[in-house]
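Indexing begins at 1, ligand by ligand and atom by atom, following the structure's order. Remember, predicted model here, so these are calculated numbers, not experimental data.
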Amino acid sequence: MTELPERLAQVRAEIEEACVRRGRTSADVRLIAVTKAVDATAVRRLVESGVYECGENRWQQAKDKVTVDYGQDIVWHFIGRLQTNKVKYVVPHFAWVHSLDSLSLATELDKRARMLNKRIQVLIQVNVSGEASKAGISPSELWSFLEQVLPLSNLSVRGLMTIAPHFENPEDARPVFRCLRELLTEAQVRYPEAQLQELSMGMSNDFVIAVEEGATMVRIGRRLVGVPKERE
Ligand SMILES: *Cc1c(COP(=O)(O)O)cnc(C)c1O
């Protein structure tokens with residue numbers, strides 16, 4: 001296993017190359033280091049290497065990391081299934097929630113954010129592939145869901161998120177990412193006033209394809225921190 005700076009440089013280079021192929025600028029792709037499988041020491045190493053955006057998928061695993069002072073402002077992204085009863089813990093520490101997929105969760109996030117006088121940035125998780133094991137609303141539910149969540153004043157709905165199925169060949173994930181991008185484009189047409197710009201898609205095995213298809217946020221765990229992927 002190579003050292004973190006090398007792994008980071010390699011991931012950044014792959015993002016850059018994918019951007020060049022599509023005439024995009026890599027400044028438009030945010031690298032989120034998923035730290036769910038590592039501890040605060042590893043977060044500190046990431047920070048020292050210049051990574052200031054981190055992702056966690058469970059409050060239980062996040063709580064000992066998000067409260068540490070790393071000497072830098074970390075932008076924390078909540079990327080996993082979020083139970084309503086955990087929202088009160090998550091909202092003070094996390095700037096972004098990528099996994100919005102129910103009205104009850106939206107309402108609770110809005111309420112807790114209002115109590116703290118903050119706005120929480122959210123992405124709507126869409127289950128593009130339709131796998132039963134995956135969270136997210138179905139593409140056909142997106143329009144009525146947007147109608148319901150856009151008016152919530154302490155939420156900033158910023159775009160869409162998806163998790164592609166695991167494929168041996170990441171190329172097979174391309175239609176999933178493309179579908180999410182097309183949904184975002186349609187959402188922008190339907191809601192020109194909303195700030196819908198973000199596409200959170202792509203993980204260690206498929207982020208290159210995701211960037212080629214327009215990802216503005218990639219969520220990368222194993223390739224950076226070098227631990228086995230846990231079962232979802
Ligand atoms: C764990 C996780 C990731 C990162 O996965 P890797 O394969 O380790 O890169 C990305 N997104 C979500 C929602 C995750 O739970």
Legend entry - Sub-4.0 Å atoms of ligand 1 with respect to non-hydrogen atoms of I220: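 Within the 4.0 Å cut-off of I220, ligand 1 contributes 9 (O).
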
Inset, instruction - Check each atom of ligand 1 against the heavy atoms of I163 and keep those under 4.0 Å away; list them by number with element. - result: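 Counting from 1, the qualifying ligand atoms are 13 (C).
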
Inset, instruction - Report yes or no: is the cationic atom of R190 (NZ for Lys, CZ for Arg) under 6.0 Å from the centre of the six-membered ring of W143, at an angle within 45° of the ring normal? - result: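 The answer is yes; both the distance and angle limits are met.
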
Legend entry - L224 backbone acceptor or donor facing R7 side chain under 3.5 Å: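 At least one qualifying donor-acceptor pair exists.
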
Inset, instruction - Kindly say whether E213 contributes a backbone atom to a donor-acceptor pair with the side chain of R178 at under 3.5 angstrom? - result: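 Between the backbone of E213 and the side chain of R178 there is no qualifying donor-acceptor contact (under 3.5 Å).
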
Inset, instruction - Return the orientation label for the H98 and H77 ring planes: parallel under 30°, perpendicular over 60°, tilted otherwise. - result: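 Perpendicular: the ring planes of H98 and H77 meet at over 60°.
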
Under 3.5 Å: N/O of [X] near N/O of ligand 1:
X    : answer
G221 : yes
R219 : yes
R222 : yes

Inset, instruction - Using a strict cut-off of less than 4.0 Å between a Lys/Arg side-chain nitrogen and an Asp/Glu carboxylate oxygen, indicate whether E56 and K36 qualify as a salt bridge. - result: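 No, this pair does not count.
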
Legend entry - Distance, nearest 0.5 Å, that separates CH2 of W76 from NZ of K65: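 Output value for this atom pair is 6.5 Å.
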
Legend entry - Residue part near ligand 1, for K36, under 4.0 Å between non-hydrogen atoms: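 It is the side chain that touches ligand 1; the backbone stays farther off.
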
Inset, instruction - Check each heavy atom of I79 against ligand 1 and say whether those closer than 4.0 Å belong to the side chain, the backbone, both or neither. - result: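 Both of them.
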
